[in-house]
Amino acid sequence: MGKVAVGAAVVCAAAVCAAAALVVRHRMKSSGRWARAMAILREFEDKSGTPIGKLRQVADAMTVEMHAGLASEGGSKLKMLISYVDNLPTGDEQGLFYALDLGGTNFRVLRIQLGGKEKRVVKQEFDEVSIPPNLMTGTSEALFDFIAETLAKFVDTEGEGFHPAPGRQRELGFTFSFPVWQTSIASGTLIKWTKGFNIEDAVEQDVVGELTKSVEKIGLDMRVTALVNDTIGTLAGGRYHNQDVIAAVILGTGTNAAYVERAHAIPKWHGLLPKSGEMVINMEWGNFRSSHLPLTEYDQALDAESLNPGDQIFEKIISGMYLGDIVRRVLCKMAEEASFFGDVVPPKLKVPFILRTPDMSAMHHDTSSDLRVVGSKLKDILEISNTSLKMRKVVVALCDIVATRAARLSAAGIMGVLKKLGRDTVKEGEKQKSVVALDGGLYEHYTEFRTSMESTLKELLGDEVAEHISVEHSNDGSGIGAALLAASHSQYLEVEES
Ligand SMILES: Nc1ncnc2c1ncn2[C@@H]1O[C@H](COP(=O)(O)OP(=O)(O)O)[C@@H](O)[C@H]1O
Ligand SMILES: O=P(O)(O)OC[C@H]1O[C@@H](O)[C@H](O)[C@@H](O)[C@@H]1O
């Protein structure tokens with residue numbers, strides 16, 4: 001063979017070897033990247049673990065903190081707030097009442113015509129609006145003016161069967177889904193903001209006073225006769241339909257729980273003991289913290305960058321405002337350290353809260369063979385295109401880890417409350433039923449979360465006790481509950497009774 005031919009052959013051979021080496025190097029590199037990405041995922045899964053033994057420790061810690069919070073003010077991260085609700089709805093409530101429900105994302109207005117024991121809820125109408133994000137971090141006046149104006153528009157749509165009795169003021173139950181230091185059933189000062197709210201000049205103000213100022217400014221004749229947390233409203237709404245309801249839990253934008261405590265089991269309460277012998281407690285359990293909580297570097301970073309660093313740790317690992325962002329943070333680390341989405345880290349992946357929990361649950365619930373929902377969410381929200389099925393499966397696995405940890409910890413929290421109530425055991429031959437009313441958009445819409453939470457609670461209780469405990473969805477119980485509590489504290493009640 002001539003020299004030229006040999007030379008060409010050598011050059012070709014070298015080129016082939018170089019190409020092969022490149023492919024091998026690329027494969028090794030990508031397999032190295034893949035291994036690194038999987039290592040990040042596995043480490044996160046390990047650190048997020050909630051084995052049953054840990055859940056029992058979390059439940060016990062919740063019970064201990066409940067006792068501490070009832071013993072003295074500041075005795076625990078759990079504020080265990082006195083609600084001044086010492087009588088839950090009886091079913092006898094009658095008349096037209098309004099309710100406002102200011103949540104972490106939505107604002108609901110409701111009017112309800114109550115017909116007493118026989119007729120119960122004769123008629124109800126409601127409206128729901130999203131809270132403009134700018135009002136969450138503006139001024140108190142701007143927020144309460146918005147609320148008053150929305151309420152006034154709703155009152156203007158009053159139709160047949162919804163008119164207050166002649167000469168009577170319209171009365172309102174105000175559900176306020178933030179920690180409030182109640183000074184009576186219809187007054188209380190804001191302790192702090194949570195979730196996405198941060199309105200400096202509202203802190204320590206009486207929220208009923210703030211609303212009343214805005215209502216009077218527009219000449220709306222409406223009186224707040226009950227100020228309640230949404231967990232209290234949900235408990236009241238739940239009890240209206242089922243006498244076995246003893247606690248309520250909200251898993252929505254934020255999270256919280258309330259339950260019926262025996263009045264003599266509240267050492268810090270120095271007021272008159274209520275005739276009923278009961279007092280509903282707003283636990284504010286979102287602020288629960290324990291060394292047994294499986295916190296990760298991603299939780300620490302989310303907390304540090306939040307509006308309320310150091311606060312609401314339990315809420316930040318189990319509630320709807322945050323779950324999607326935890327998923328985003330892990331994906332971001334996989335992109336930065338393992339080039340999971342290619343050599344360039346997708347810029348949108350660095351934007352806090354860009355991945356919302358509803359999008360996370362849509363990906364988690366994707367049953368298509370090619371995970372096309374996952375693909376389109378990654379593309380539409382994070383501008384990440386051309387993801388392989390293998391990558392999409394990793395994203396689903398990550399959603400499952402985050403949702404499962406949240407669900408199992410929620411169940412542990414409920415177990416802690418049941419333990420405080422002595423309902424985590426059943427005496428021989430006892431038939432007593434205990435119902436926990438659940439509400440909130442996370443619980444209502446995230447099926448994988450809900451089923452995991454309910455199965456975990458059964459696992460914690462054991463088959464025998466689980467027979468006596470049920471979790472019931474009390475849809476918008478807080479609105480109806482607030483209206484019912486407004487009815488039972490109506491200014492006209494005494495007149496009727498005397
Ligand atoms: N499809 C969904 N999947 C998972 N979470 C959802 C879904 N829809 C809503 N959520 C969660 O529920 C929250 C809204 O809860 P909701 O109780 O309706 O309102 P609020 O928290 O304002 O009282 C949202 O912030 C979101 O985190
Ligand atoms: O209904 P939401 O907005 O999810 O609120 C749930 C809880 O969110 C917490 O952040 C508040 O401190 C609680 O008071 C509230 O009950």
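Indexing begins at 1, ligand by ligand and atom by atom, following the structure's order. Position 1 is the first residue of the sequence; numbering continues from there.
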> Under a heavy-atom criterion of less than 4.0 Å, does P179 contact ligand 2?
Replying inline: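 Contact check P179 vs ligand 2: positive.
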> Is there a heavy atom in M321 that sits closer than 4.0 Å to ligand 2?
Replying inline: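 Under 4.0 Å: no for M321.
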In terms of atom number and element, which parts of ligand 2 are under 4.0 angstrom from non-hydrogen atoms of [X]?
X	result
T194	9 (C), 10 (O), 11 (C), 12 (O)
N229	13 (C), 14 (O), 16 (O)
G252	4 (O)
G103	3 (O)
T253	4 (O)
I250	1 (O), 4 (O), 6 (C)

Need the ligand 1 atom indices (1-based, order shown) with element for anything under 4.0 Å from a heavy-atom of [X].
X	value
G103	22 (O), 23 (O)
Y446	4 (C)
G440	17 (O)
G320	27 (O)

Salt bridge flag under 4.0 Å for residues [X] and [Y]:
X	Y	answer
R356	D359	yes
D46	R42	no
R289	E65	no
E284	K192	no
D127	R108	no
R405	D299	yes
D244	K433	no

Quick test: of every protein heavy atom, which one is nearest to [atom], and how far off is it to 0.1 Å?
atom	answer
atom 5 (N) of ligand 1	T357 CG2, 3.7 Å
atom 1 (O) of ligand 2	D230 OD2, 2.6 Å
atom 19 (O) of ligand 1	N106 ND2, 3.2 Å
atom 9 (C) of ligand 2	E315 OE2, 3.0 Å
atom 5 (O) of ligand 2	K195 NZ, 2.9 Å
atom 12 (O) of ligand 2	E284 OE1, 2.6 Å
atom 4 (O) of ligand 2	G254 N, 2.8 Å
atom 3 (O) of ligand 2	G104 N, 2.7 Å
atom 22 (O) of ligand 1	T105 N, 2.7 Å
atom 17 (O) of ligand 1	G441 N, 3.0 Å

>> Can you classify the ring geometry of F176 versus F144 as parallel (below 30°), tilted (30 to 60°) or perpendicular (above 60°)?
In response: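 If you compare the ring of F176 with that of F144, the planes turn out parallel.
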> Which one of L371, L355, L398 satisfies the side chain to side chain contact (heavy atoms under 4.5 Å, CB included) criterion with M363?
Replying inline: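 Among the candidates, only L355 passes.
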>> Would you say the ring centers of Y443 and F449 fall short of 6.0 Å from each other?
In response: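 For Y443 and F449, the ring centres are not under 6.0 Å apart.
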>> Heavy-atom distances under 4.0 Å decide this one: backbone, side chain, both or neither, for R108 against ligand 1?
In response: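 Near ligand 1, R108 shows its side chain, while the N, CA, C and O stay back.
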>> When you compare ligand 1 with T253, is there at least one nitrogen or oxygen pair between them that comes in under 3.5 angstrom?
In response: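 Yes, at least one N or O pair falls under 3.5 Å.
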>> When you measure from the side chain of T255 to the backbone of L251, do you find a donor-acceptor pair of N or O atoms at a distance under 3.5 Å?
In response: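 Such a contact is absent between T255 side chain and L251 backbone.
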> Got a donor-acceptor contact below 3.5 angstrom from the N256 side chain to the W285 backbone?
Replying inline: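 Yes: the side chain of N256 pairs with the backbone of W285.
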> What part of T255, side chain from CB on, backbone N/CA/C/O, both or neither, has a heavy atom under 4.0 Å from ligand 2?
Replying inline: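 Backbone only.
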>> If you take the nearest heavy atom of each of S361, A362, G104, G324, which one is closest to atom 4 (C) of ligand 1?
In response: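 Among S361, A362, G104, G324, the closest heavy atom to atom 4 (C) of ligand 1 belongs to S361.
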> Nearest to atom 1 (N) of ligand 1 by heavy atom, H445, R356, E448, R450: which?
Replying inline: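 Nearest option to atom 1 (N) of ligand 1, by heavy atoms: H445.
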> Is the cationic atom of R111 (NZ for Lys, CZ for Arg) positioned less than 6.0 Å from the six-membered ring centroid of F154 and within 45 degrees of its normal?
Replying inline: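 Output yes; distance and angle both within limits.
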>> Can you give me the closest heavy-atom contact between A437 and V245, atom names plus distance?
In response: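 Distance-wise, the nearest heavy atoms are CB-CG1, 4.2 Å.
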> Does one side chain, of S478 or T175, offer a donor that lies under 3.5 Å from an acceptor on the other?
Replying inline: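 No, T175 and S478 have no side-chain donor paired with an acceptor closer than 3.5 Å.
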